[in-house]
Protein chains: 2
Amino acid sequence: MELRHLRYFAAVAEERHFGRAAARLGIAQPPLSKQVQDLERELGFELFDRSRRPIELTAAGETLLEHARAALHAVEAGVHEARRAAEGRRGRISVGYPSSLAYCGLTDILRAFRKQAPDVTIRTQPLPSGGQIEGLLRGELHVGFVRGPLHEPSLVSEVVRRERLMLALPPDHPLTARKRLALRDVSREPFVFFPRDRGPAFFDFLVGFCRNAGFSPKVVQEASQVDVLSLVAAGFGVSIVPDSVREIRRDDIVLRPLLDSPVSELRLVWHRDNRSPAVARFIEVVRCVGVHPRRNRRRRAKRT
Amino acid sequence: MELRHLRYFAAVAEERHFGRAAARLGIAQPPLSKQVQDLERELGFELFDRSRRPIELTAAGETLLEHARAALHAVEAGVHEARRAAEGRRGRISVGYPSSLAYCGLTDILRAFRKQAPDVTIRTQPLPSGGQIEGLLRGELHVGFVRGPLHEPSLVSEVVRRERLMLALPPDHPLTARKRLALRDVSREPFVFFPRDRGPAFFDFLVGFCRNAGFSPKVVQEASQVDVLSLVAAGFGVSIVPDSVREIRRDDIVLRPLLDSPVSELRLVWHRDNRSPAVARFIEVVRCVGVHPRRNRRRRAKRT
DNA sequence: CATCACGATATCTTCGAGGTATGATGCGTG
DNA sequence: CACGCATCATACCTCGAAGATATCGTGATG
């Protein structure tokens with residue numbers, strides 16, 4: 001038995017007329033009669049009572065019709081769903097991001113993605129760079145946002161944002177008096193950094209930056225991500241943070257641009273041989289809408 | 001797209017190997033590859049990632065597989081259900097019966113039928129002969145049990161039980177002294193009958209029987225079915241009832257066989273051009289198990 | 001009784017499902 | 001590194017069957 005038999009049978013059952021059903025199906029009447037006969041022969045019982053006009057379904061035909069419709073519908077729905085999956089509009093993806101990104105750009109990306117692919121379940125996980133790379137390699141994570149360069153051969157990445165580095169100072173620090181600072185101005189200050197293993201690439205990038213400025217930073221405290229800012233605010237030391245931290249808008253922190261700052265790169269990372277169209281679509285969306293630190297707040301302002 | 005494509009796709013998806021899937025399907029590997037390719041081309045996206053061993057499903061393939069299984073299952077279930085309908089093991093039938101039959105035979109028939117066709121919903125309706133014939137003609141009733149001959153051209157019937165007629169007497173009636181009675185012995189007694197329109201054939205049969213005995217009965221009360229017995233018990237008059245009434249076993253009634261009684265025929269009736277296999281099966285069951293007045297009680301006795 | 005409507009049958013053509021032989025490719029092993 | 005093996009794709013052929021056209025059988029209708 002083939003779907004053709006069911007389609008033809010359903011057409012005849014609905015039209016209750018072989019001629020009209022054949023016309024609707026775009027074939028001649030004799031082949032239609034034959035196909036239905038073949039189906040009946042295969043099943044071993046009649047589906048139509050042809051002895052009177054208009055023809056009517058037998059009890060078996062009535063029963064089969066319901067199931068045939070269900071089967072045809074399942075096929076149609078299956079094709080539709082599969083197409084959505086192929087287009088990356090259906091499925092589930094797991095996205096890693098540095099917690100700092102939550103405040104500046106991530107929600108915009110998620111919103112844009114959700115608009116294009118409402119049936120994709122997104123699992124977001126705030127993770128330091130190291131954890132993201134680990135997750136990507138283990139296949140638990142599908143895409144991530146990582147700062148600094150990347151050296152994993154099985155991962156692919158793309159710069160999605162370049163931002164200048166800022167100096168984070170406690171409000172009562174003497175240097176807050178100056179609007180413009182260079183890195184060497186803080187060469188003797190105590191530093192607060194995140195632990196190296198949380199993001200070795202970005203960590204090494206920052207330390208290398210200090211080396212170029214002629215000193216190696218005195219790290220007095222280590223804290224993860226956002227906590228760095230709290231330690232700076234509490235006066236433990238200064239720190240170097242990406243420009244986007246401004247979005248957090250804490251008034252217990254003073255941020256000053258670093259004049260001699262190189263740009264820090266935020267990279268979108270995924271597995272080299274990614275097979276998930278949903279992930280591909282996510283990457284496409286990020287490329288399209290970009291990662292704009294301010295977008296979020298402007299929109300909110302417009303809406304209110 | 002045909003079921004073949006889905007079956008082949010599902011086989012490959014389950015085996016994750018074209019060769020094994022082809023063996024399972026009983027075809028060679030190249031045609032299988034081609035069919036799956038055709039399906040992919042028609043859909044416009046890939047279902048398998050063939051680039052590594054063993055091959056794996058794409059996201060779209062994974063999605064389609066679920067629906068394909070559902071569709072194939074719906075077809076299988078549909079064929080099975082339709083076959084049951086064709087065999088008369090599925091559906092609904094409406095059975096009419098004279099209320100007297102409830103005590104002697106009907107439950108046995110229903111039990112036997114239920115055993116053969118547990119998925120047929122039976123609607124039983126106690127109805128006088130007239131009502132049954134009306135229902136059969138209107139298509140509301142599918143089979144019935146009627147006493148006496150039948151003259152509707154569009155109905156077919158079959159005798160399922162022949163029984164002698166009995167004289168029903170109140171216990172204090174003088175004739176109860178005699179064991180053996182003929183109809184003419186009660187030619188002057190008052191009679192209790194059911195109204196003629198409740199079963200004209202049986203009514204006329206009874207009256208004709210009296211005529212043959214040389215009198216016409218003095219009907220003093222009319223009552224439907226079982227109520228006749230109550231009126232007899234109350235002493236309103238005598239009545240003529242089928243042998244099977246003995247099954248009711250009322251001790252306020254005395255039954256005496258009529259020596260000159262012709263047999264009364266219980267007929268199974270259905271529509272001439274019945275199309276329902278469930279009805280055909282019901283008729284078959286009645287033919288098979290018969291309508292035995294005593295069967296019911298014997299069985300009950302055996303079980304306890 | 002002639003006609004019409006409608007499904008079945010007969011016969012032919014063409015397309016494609018499935019067969020065999022072989023090629024392309026990736027992987028493990030001596 | 002070469003070789004063999006496993007595995008899927010391609011090439012080509014055959015035959016069955018889906019569908020077209022013409023026609024028949026039959027029940028309903030004026």
Side-chain angles (χ1 to χ4, degrees), chain A residues 1-58 60-61 64-65 68 72 75 153-154 272-273 275, chain B residues 1-58 60-61 64-65 68 72 75 153-154 272-273 275:
Chain A
M1 190 194 308
E2 293 296 340
L3 282 180
R4 181 185 54 253
H5 294 112
L6 298 182
R7 282 191 268 255
Y8 288 6
F9 162 64
V12 176
E14 276 155 26
E15 296 288 343
R16 293 174 186 271
H17 190 285
F18 279 77
R20 279 198 300 278
R24 202 177 89 184
L25 293 166
I27 64 170
Q29 171 260 315
L32 175 59
S33 283
K34 185 169 183 302
Q35 291 299 317
V36 175
Q37 282 172 37
D38 288 348
L39 177 58
E40 289 174 326
R41 186 144 28 81
E42 181 181 343
L43 293 173
F45 47 84
E46 307 252 306
L47 297 170
F48 293 102
D49 175 6
R50 299 160 165 85
S51 70
R52 87 194 64 207
R53 298 298 125 83
I55 57 170
E56 41 188 60
L57 284 160
T58 61
L64 186 64
L65 180 59
L72 291 169
V75 171
S154 61
R272 175 163 46 90
D273 36 33
R275 292 272 168 347
Chain B
M1 189 194 307
E2 292 295 341
L3 282 180
R4 182 185 53 253
H5 294 111
L6 298 182
R7 282 193 268 255
Y8 288 8
F9 161 64
V12 176
E14 275 155 27
E15 296 287 344
R16 294 178 186 269
H17 190 287
F18 279 76
R20 277 198 303 278
R24 202 177 88 183
L25 293 166
I27 64 169
Q29 171 261 315
L32 175 58
S33 284
K34 186 172 181 298
Q35 290 299 316
V36 174
Q37 282 172 39
D38 288 349
L39 178 58
E40 288 175 325
R41 185 144 29 82
E42 181 181 341
L43 292 173
F45 48 83
E46 307 253 308
L47 296 171
F48 293 101
D49 176 6
R50 299 160 165 85
S51 71
R52 87 194 66 205
R53 298 296 124 85
I55 57 171
E56 41 189 60
L57 284 161
T58 61
L64 186 64
L65 180 60
L72 290 169
V75 170
S154 60
R272 176 166 45 89
D273 35 35
R275 293 267 169 347

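Naming convention: chains lettered A, B, ... in sequence-line order (proteins, then strands); numbering from 1 in each chain.
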Over how many whole Å does the gap from Leu32(A) atom CG to dA17(D) atom P extend?
18 Å
Do you know which two heavy atoms are closest between Gln37(B) and Arg50(B), and how far apart they sit?
CG-NH2, 4.3 Å
Hey, is the side chain of Tyr8(A) poking within less than 4.0 Å of OP1 or OP2 on dA18(D), counting only N and O atoms?
no
dC6(C), OP1 or OP2 - any side-chain N/O from Arg50(A) closer than 4.0 Å?
no
Criterion side-chain contact (heavy atoms from CB on, under 4.5 Å) on Leu47(A) and Val12(A), from CA distance to verdict:
CA-CA 10 Å; Leu47(A) 297 170; Val12(A) 176; over 6 Å; no
The contact string for nucleotides 19-27 of chain C, one letter per nucleotide 5' to 3', using protein heavy atoms under 4.0 Å with B, S and - for base, sugar-phosphate only and none, comes out as BBB------
Minimum heavy-atom separation for Arg7(A) to Leu72(A), with atom names?
CG-CD2, 3.6 Å
Would you please name every residue forming a side-chain hydrogen bond (donor to acceptor under 3.5 Å, both in side chains) with Arg41(A), sequence neighbours left out?
Asp38(A)
Length of the NE2-P vector between His17(A) and dA8(C), whole Å:
12 Å
Atom CZ of Arg7(A) to atom C1' of dG19(D): distance rounded to whole Å?
16 Å
Starting at NZ of Lys34(A) and ending at P of dA17(D), how long is that distance when rounded to a whole Å?
8 Å
Atom-to-atom span, CZ of Phe18(B) to C1' of dG18(C) - whole angstrom
16 Å
On the nucleotide dG7(C), are OP1 or OP2 found under 4.0 Å from the side-chain N or O atoms that Ser33(A) carries?
no
Please determine whether side-chain contact (heavy atoms from CB on, under 4.5 Å) holds for the pair His5(A) and Leu3(B), giving the CA-CA distance in whole Å, both sets of side-chain angles, and the decisive distance to 0.1 Å.
CA-CA 10 Å; His5(A) 294 112; Leu3(B) 282 180; over 6 Å; no
Suppose we screen for side-chain hydrogen bond (donor to acceptor under 3.5 Å, both in side chains). Which residues come up paired with Ser33(A), at least two apart in sequence or across chains?
Gln29(A)
I need the CD-C1' distance between Glu46(B) and dC8(D), as an integer number of Å.
13 Å
State whether Glu14(A) and Arg20(A) are salt-bridged, where the test is any N-O pair (Lys NZ or Arg NE/NH1/NH2 against Asp/Glu carboxylate O) under 4.0 Å.
no
Within this structure, what is the CD-to-C1' distance between Gln35(A) and dG16(D), rounded to whole angstrom?
13 Å
Provide, to the nearest angstrom, the distance between the CD atom belonging to Glu56(B) and the C1' atom belonging to dC8(D).
15 Å
